[in-house]
There are 2 protein chains.
Amino acid sequence: MIVKDGLDGFGVNKLAKAAGVSPATIYIYYKDREDLIVQTAIRVTDTMLKESLADFDPDNMSFEEGLRQQWKNRSSHFLNNPLDVQFMEKMRYSHLYDKVADKVYNTFKEVMGRFYHNAVKRGELLQLPTEVYWSLAFAPLYQLIKFHSQAKSFGPQKYHFTEESMEQTLQLVLKALKP
Amino acid sequence: MIVKDGLDGFGVNKLAKAAGVSPATIYIYYKDREDLIVQTAIRVTDTMLKESLADFDPDNMSFEEGLRQQWKNRSSHFLNNPLDVQFMEKMRYSHLYDKVADKVYNTFKEVMGRFYHNAVKRGELLQLPTEVYWSLAFAPLYQLIKFHSQAKSFGPQKYHFTEESMEQTLQLVLKALKP
DNA sequence: AAGATAAGTGAGCGATCGTTTACTTACGAA
DNA sequence: TTCGTAAGTAAACGATCGCTCACTTATCTT
């Protein structure tokens, strides 16, 4: 590790103590600290993505049904695994993240791409550049989750992540994305 | 600093060397490393927020005009100051961020609140819970900026932040937020 | 010119970082 | 039973961390 990875708080000695093993034990299973972090992130991300596809059928769901299922899966996963959120958010701003994305998103991209194209073909969804689509379809959800996990993210006021606010936000997103 | 702050890469010795001064000099102007970071983040955030209000008039602009101006100001600021983005993104996931938000967002919140209420009163904007409004009004923009600053944030594909994709995203957001 | 004060420095403190070394234990194969 | 190997450990290595100390230099007052 030549460059800092932006992931302090995940020191090898500290993790070993928390896991109740010797630091040296960690180096039996991982090449070095970077390998430990990348492998863990891959595992966490892979689990999240697999969970996000639960009860999701890209070929036999309307766009609204499919997107709602994705939102439900992702939100419940992150609400149930707040430590994963914390870890992955730090990870997302580390240069190590590329190594995770490269390994993990392939199958997922294929499914989501099919879902997108089916919806466009059925006339339920605008045809959009990928970055525009993602900024609308998922960024609002992640903002809600972030609000919730931080409790106060903008000024002293508290925001709560509820079923209603999620559904309301989803409805607005659908309104934006429908032709 | 008892708990890790998630801001490695900002070591005092390293910053001192980069600034061409002795580490001891830093402690003339800042109480400790945390003070240095918080004060810097306050200055950076304050600058960003002031720039985001350039040519912005919460009382004499339509919702569309006002939101577009905000988007333009924020995006151009972040595109011109990528190091600020990097620093603030790390900061946003540090527990130190609360100290920044408390000091900085007050005047800004007042202006944005007025802008919001004016637009609702004129019937240009849906009345929404704060977290829903913010998730729609700004999260998509920040997602675009993030895509740009990371070059690849989701899989191997590259996304480009262009005037067109920003304007297109803004149009969808407006479509969602208008009654 | 002399003294007071502010501003800055090099060297290094103790603590913690990632990592390795030398060694011990557990266990199936011969 | 003995041997080979895999799994684990305590201890500590050099490097770097945040931070301080003893000291020098620059600036201002009288």
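What's counted below: heavy atoms across the whole structure, side chains too, no hydrogens, waters or symmetry copies. Per chain, numbering begins at 1; letters A, B, ... match sequence-line order.
- The aromatic rings of B/F63 and B/Y133 lie tilted to each other, with the angle between the two planes from 30° to 60°.
- Note: CD (B/E34) to C1' (D/dC17) measures 16 Å, nearest angstrom.
- Across the protein-nucleic acid pair, B/Y27 atom OH and C/dG12 atom C1' stand 14 Å apart, rounded to whole Å.
- The neighbour count for B/Q127 CD, taken as heavy atoms of other residues, nucleotides or ligands under 6.0 Å away, does not exceed 12.
- Applying the salt bridge (Lys or Arg N to Asp or Glu O under 4.0 Å) definition to pairs two or more places apart or across chains, those involving residues 38-48 of chain B are B/D46-B/K50.
- Residue pairs satisfying the salt bridge (Lys or Arg N to Asp or Glu O under 4.0 Å) criterion with at least one member in residues 163-175 of chain A, sequence neighbours excluded, are listed as follows: A/R68-A/E167.
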Detail all sub-3.5 Å separations between protein N/O atoms and N/O atoms belonging to nucleotides 7-10 of chain C.
residue: C/dG8; atom: OP2; partner: B/Y29; partner atom: OH; Å: 2.1
residue: C/dT9; atom: OP2; partner: B/S22; partner atom: N; Å: 3.1
residue: C/dT9; atom: OP2; partner: B/T25; partner atom: OG1; Å: 2.2
residue: C/dG10; atom: N7; partner: B/S22; partner atom: OG; Å: 3.2

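- One finds the OH atom of A/Y116 at 12.0 Å from the CH2 atom of A/W134 (value rounded to the nearest 0.5 Å).
- For A/Q39, the side chain to side chain donor-acceptor pair (under 3.5 Å) partners two or more places apart in sequence, or in a different chain, are A/D35.
- For residues 10-23 of chain A, no residue pair satisfies the salt bridge (Lys or Arg N to Asp or Glu O under 4.0 Å) rule, not counting sequence neighbours.
- Within residues 9-19 of chain A, no residue is approached by DNA chain D to less than 4.0 Å at the level of any non-hydrogen atom.
- Rounded to whole Å, the distance from NZ on B/K31 to C1' on D/dT20 is 15 Å.
- Counted by atom type alone, A/E110 and A/N106 present zero donor-acceptor pairs between their side chains at under 3.5 Å.
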